[in-house]
Amino acid sequence: MPLSWNEIKSRALTFSKEWQDETSEDAEAKSFLDGFFNVFGVSRRRIGSFEVKVSQTSGRGFIDMLWRGTLLIEMKSRGKNLDRAHTQAQGYFSGLTDADLPRYILVCDFERFRLYDLDAEGDSYIEFRLADLITNVQHFGFIAGYQKSEFREEDPVNIKAAELMGKLHDQLKDVGYTGHELELYLVRLLFCLFADDTTIFEKGIFYDYIHNSTRDDGSDLGAQLAQLFQVLNTPQPKRMTSLDESLAAFPYVNGLLFKEVLPIASFNSTMRSSLMEAAKLDWGQISPAIFGSLFQSVLDPQARRNLGAHYTSEKNILKVIQPLFMDELWQEFTAIGTNKNKLKAFHQKLATLSFLDPACGCGNFLIIAYRELRLLEIAVVKKLLGKQLVNVNEYMRVNVDQFYGIEYDEFPSQIAQVAMWLMDHQMNMLAGKEFGEYYIRIPLQKSATIVHGNALRIEWESIVPNVSYIFGNPPFVGHQWRNIEQMKDMEIVFQDSKKAGRLDYVTAWFMKAAKYMDESKVTFSAFVSTNSITQGEQTAILWQLLFTQYKIRIHFAHRTFSWSSEAKGKAAVHCVIVGFTNFDTNEKRIFEYESIKGEAHEIKVNHINAYLFEGKEIFILSRSKAIHSFPEMTKGSQPTDGTRLILTPAEKEHFEKEEPLSQKWILPFIGGEELLNNTIRYVLWLKNCPPDELKKMPLVLKRLEEVKVARLKSSTPSVRAFSKLPTLFTQDRQPSTNYLAMPRVSSENRKYIPISFLEPNIIAHEKLIIIPNATVCLFGILMSEMHNTWTRYVSGRLESRISYTPSVYNNFPWAENPTPKQIEKVEQCAQAVLDTRAKYPTSSLADLYDPLTMPPDLVKAHNDLDKAVDQCYRKEPFTSESQRIAYLFELYEKYTATLFTEQKPKKARKK
C-alpha cells in the first residue's frame with residue numbers, strides 16, 4: 001500500500017532541508033534521486049535504470065534515469081538551462097521502443113524541478129524549487145502508486161439558468177402565486193424552455209410565442225400560457241380546428257405533466273422580461289441535473305437546512321456511480337470485443353438493470369446515472385451495427401422506467417420526474433446523431449417512478465422488489481441537530497439498537513439498505529455521508545452492527561474530501577463515499593485525497609475496514625477507562641458565565657488600575673486557540689476569595705451579578721443552580737499540579753498535534769484536553785508519530801480538523817513490554833524536543849508545527865523521538881503509516897479481547 005500523503009510530505013520536508021545546503025556543482029545525481037524516490041517510499045534502483053544508453057539521430061546518448069513506460073529524468077548542474085534539458089530529453093525518444101516511451105519527463109538542476117505530463121494537452125509543465133517540494137508532491141503521486149482519477153466539472157451555464165429561474169420564482173411568489181401551483185407552474189416552464197432548444201418543439205417556437213403573441217406589459221401572458229399548457233396536453237386529432245397556428249405548432253407531450261388545471265398566473269412587464277431572458281439562454285447546453293441546483297437556489301435557506309438538502313455537481317455524482325457500476329460495466333463491454341452474441345446478451349443485461357435513489361431530491365443522481373448508461377448503450381449498438389443505418393427506436397432498450405426514487409418533498413419529486421424525461425430526450429438526440437436518423441420519444445410513454453414520501457418509513461421492496469443498485473446523497477443532519485420526526489425515523493429503522501441516538505441521520509439509509517440486501521437480494525449500494533460515520537464514536541456503533549448482523553462488506557470508498565454544490569450559496573461539507581454489499585470480493589478500491597479539494601488517487605486493496613483503510617475489521621469503542629496505566633485525561637474547566645468572568649488583556653489592565661485588589665484574583669485563561677497561537681485571555685478565578693475582599697471590589701461584584709443573570713436564563717437546571725454560586729465555574733477541573741495541555745481541535749495538516757506543559761496557576765479552558773501529573777515520558781509518547789497516527793485514524797473530525805477526545809487517549813495501545821532503557825531513551829528524546837522548542841521563544845506552537853516553517857533542528861528532534869518510541873514497540877522500523885496503524889489495531893485487539901470475553905463470576909447460592 002502506498003505511503004500516506006502526510007508521510008510523503010514529512011519525507012519531502014526532510015529531503016529538501018538535507019539538499020538545500022548542498023552547493024557543490026558536482027552534486028551526486030544518483031544520491032539525489034535515491035533520496036527523491038525515497039520521499040515516495042520507492043527504491044529508485046528497483047523501478048529504474050541509471051545512465052541508459054540510447055541511439056539517436058545525432059549519435060549515441062545516455063539517459064540519466066529511465067523508468068520504462070513511465071518516467072524519464074534528465075539531471076543538470078545547478079543553474080543550467082532547463083529548456084535545453086527538456087529538448088535533450090525529447091531527443092532520446094527516437095532511440096526508445098514504444099513500450100519504453102515515458103508518460104512523464106522530469107528535468108532538474110538540484111534546485112529546480114520541472115515536470116512534463118505528455119498525456120496532458122499542450123506543452124505545459126509544473127515547475128517549482130526544491131524548498132517547495134512539500135507543496136508539490138501531489139504531482140508525483142504516480143511514483144508512490146497513486147492512480148489519478150478525474151471527474152468532469154459542471155458547465156457554468158447551468159448556474160446562470162438556475163439563477164434566472166430562481167428570479168422568476170421569486171417574482172411569481174411576490175404577486176401571490178404560491179404553494180403547489182407555483183411549483184408545478186415552474187416545472188412546466190422549465191420543460192418548455194428546455195424543449196424549445198432541443199427539438200422536442202420546433203426550435204424557438206416557445207420564445208416566438210411569448211414574443212409575438214403576448215403584450216409587452218405582460219398583462220395577457222398568464223392567460224396565453226394557460227392556453228399553451230392545455231394544448232400540450234391535447235393530442236392533435238382532438239384539438240380545435242380553429243386553433244391559432246402559433247399554438248397548433250406545439251406537439252402533444254402526454255406524461256401527465258400538463259394535465260392538472262392551474263390558476264392563471266398574473267404577470268407584469270418585469271416578469272415577462274425575466275421569462276424572455278430565460279428563453280434566450282441556450283437550454284440545449286444545459287444538463288437536466290440543473291434542476292437540483294435550481295431547487296436549492298429557490299428554497300428558503302432555513303427550509304434547506306431543515307431538510308438537509310445538499311445538491312451536487314456532476315463531478316461528485318460520478319465519484320459514486322462510476323466505481324459502483326459504470327466502471328465495471330465498461331470493463332465488461334471492453335472484454336467482450338466483437339462477439340455479436342455476447343454483445344446482444346450484454347445489451348439485454350443493460351435493459352434489465354434497475355436503480356434506486358431513496359433520497360433523490362431533484363433526481364441529480366438518477367439523471368446522471370441514466371445518461372451514463374445510455375452512453376454505454378450507444379457504444380454497444382454502434383459495435384453491433386457498425387455504420388449501418390437502422391430504425392434507431394428498435395435498438396434502444398434502456399429506458400427511464402428502470403429508475404426509481406423516493407423524495408420527502410413534493411416539488412423536487414416533480415422536478416426529478418420531468419428531468420428524467422429531458423435527459424431521455426437529450427440521449428435520444430445523441431443516438432439519432434450517431435446513427436444518422438432523427439429519434440424522439442414524444443408523446444411520452446414511459447417514466448421514472450418517483451415516490452413522494454418518507455424513505456425511512458416506506459418499505460423499499462414495495463417500490464422495486466429486486467433493485468440492482470441503490471445510491472444517493474441522503475440528508476446531512478448531525479445527531480445533535482435531528483428534529484423530533486427524524487429521531488422517530490431513527491427509532492423505527494434501528495429498532496433494537498440502543499445507541500442509535502448517537503448516530504447521524506444519514507446512517508439510517510445505510511441501515512435500510514443493509515436490511516434490503518438481507519432479503520437474499522444481489523444488490524450493491526453506495527451513499528455519500530459526512531465523514532463523521534467513519535471517525536470517532538459513530539464508527540463502532542454503526543459498522544459493527546452492519547458488519548456482524550447484516551454481513552456487510554465495503555467494496556470501495558472515497559476517503560474525506562470536500563463535497564460542494566453548484567448552487568447559489570453552495571454548501572461545502574467534508575464527506576466520504578462508501579460502496580458496500582453483503583458479500584465479499586478480493587479486489588477493492590480506496591480513493592484517497594492528498595488535499596480535500598484535490599483529485600482522487602486510486603489504490604487497489606484486499607479489504608477495507610470501517611475507518612476506510614486497508615485492515616482488519618476492528619472497532620474502537622468509546623471508553624471512559626483507559627486500557628493503559630497512564631494518568632487520567634480530562635477536559636479543562638467550563639465557566640458557563642455569559643463571558644462575564646473572562647477578561648481581555650485590555651480589561652485586565654483596566655481592572656488592575658481601577659481595582660488593585662483584583663490583581664491576585666486574575667489568572668491566565670488558556671484554551672486551544674491560545675495554546676496554539678501564543679495568545680492569552682484572563683479570568684476572574686475567585687474560588688478561594690474571602691467575602692470581605694469581594695465586597696471591596698465593586699467592579700468584580702458587578703461582573704458576578706451579570707454571571708448570576710446569565711445563568712438564570714439558561715435552559716439547563718444545573719447551570720441555573722450555579723446562579724447561586726457566581727464566583728465558581730460550573731465545571732471545575734483545574735489541576736493543583738503541573739499538567740499537560742492539548743488543543744481539542746487541531747489542523748489536519750500538522751504531522752504532530754502540539755502539546756505543552758502548563759503550571760497550575762494557568763487556568764485550562766474546556767477547549768483544552770489536560771493530563772495532571774504527566775511525565776516527560778508521557779509527553780514524548782503523545783508527541784510521537786505512533787500516537788499521532790492513531791489519532792488521525794480514530795479521532796472524530798470537526799470539518800476536516802482533528803477533534804481529540806479522552807476516548808482516543810483511553811484506547812491508545814501503548815507498547816507491551818518496553819525496557820527501562822527504552823523508556824529512558826524516550827524521556828531523553830522528549831526532553832530534547834522541549835529544549836529545541838525553547839530556542840524559539842517568540843514562535844508559537846502553530847509556527848513551530850507548521851509543515852512549511854518547522855525548524856530543521858525541531859524536525860530532527862522529533863525524528864529521534866519517533867525512532868525511540870518505535871523501538872518500544874518493535875525492533876523493525878515502520879516504513880509506512882499503513883504499517884503503523886495496522887500494528888496498533890492488532891495491539892488494540894489483543895489488549896481488549898479479554899474485555900469482551902471475560903464474564904463476571906457468579907455469586908454462590910445461599911444455602
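Numbers here simply count residues along the sequence, with the first being 1.
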Let's go through Gln538 and Trp543 carefully: what are the C-alpha distance in whole Å and the side-chain angles of both, what is the deciding distance for side-chain hydrogen bond (donor to acceptor under 3.5 Å, both in side chains) to 0.1 Å, and is it a yes or a no?
CA-CA 8 Å; Gln538 293 195 52; Trp543 292 102; over 6 Å; no

- Test Asp489 against Tyr505 for side-chain contact (heavy atoms from CB on, under 4.5 Å), laying out the working first. CA-CA 9 Å; Asp489 290 340; Tyr505 193 45; 2.7 Å; yes

Let me see the working for Asp504 and Thr507 under side-chain hydrogen bond (donor to acceptor under 3.5 Å, both in side chains), right down to the final yes or no. CA-CA 6 Å; Asp504 288 353; Thr507 61; over 6 Å; no

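Using a 4.5 Å heavy-atom cutoff, the side chains of Leu712 and Val719 are not in contact. Between Glu653 and Tyr682 there is no side-chain heavy-atom pair separated by less than 4.5 Å. No side-chain heavy atom of Ile771 sits under 4.5 Å from any side-chain heavy atom of Thr634.
Ring centroids of Phe889 and Trp790 are separated by less than 6.0 Å, placing the two rings close together. Phe619 and Phe547 have their aromatic ring centers within a separation under 6.0 angstrom. Taking the centre of each ring, Tyr849 and His862 come in below the 6.0 Å mark. In summary, the aromatic rings of His574 and Phe561 are positioned with their centroids too far apart to meet the 6.0 Å limit.
Ser718 and Thr716 share no side-chain donor-acceptor pair at under 3.5 Å. Inspection of the Lys708 and Ser723 side chains reveals no N or O donor paired with an N or O acceptor under 3.5 Å. At a cut-off of 3.5 Å, with distance as the only test, no side-chain donor of Thr791 or Asn788 sits close to an acceptor on the other residue. At a cut-off of 3.5 Å, with distance as the only test, no side-chain donor of Ser784 or Asp866 sits close to an acceptor on the other residue. Thr560 and Asn531 are linked by a side-chain donor-acceptor pair at a separation below 3.5 angstrom, with hydrogens and angles left out of the test.
Look at Arg623 and Glu537 and you find no salt bridge, because none of the NZ, NE, NH1 or NH2 atoms lies under 4.0 Å from a carboxylate O. Ion pairing between Lys696 and Glu659 fails under the 4.0 Å rule for side-chain N and carboxylate O. The pair Arg711-Asp641 does not count as a salt bridge, with every side-chain nitrogen at least 4.0 angstrom from each carboxylate oxygen. A salt bridge does not link Arg744 to Glu673: none of the charged nitrogens lies less than 4.0 Å from a carboxylate oxygen.
Each of Tyr804, Trp814, Tyr809 was compared with His787 under the ring pair (Phe, Tyr, Trp, His ring centres under 6.0 Å) criterion, and only Tyr804 meets it.
Between the Thr775 side chain and the Leu778 main chain, a donor and an acceptor come within less than 3.5 Å of each other.
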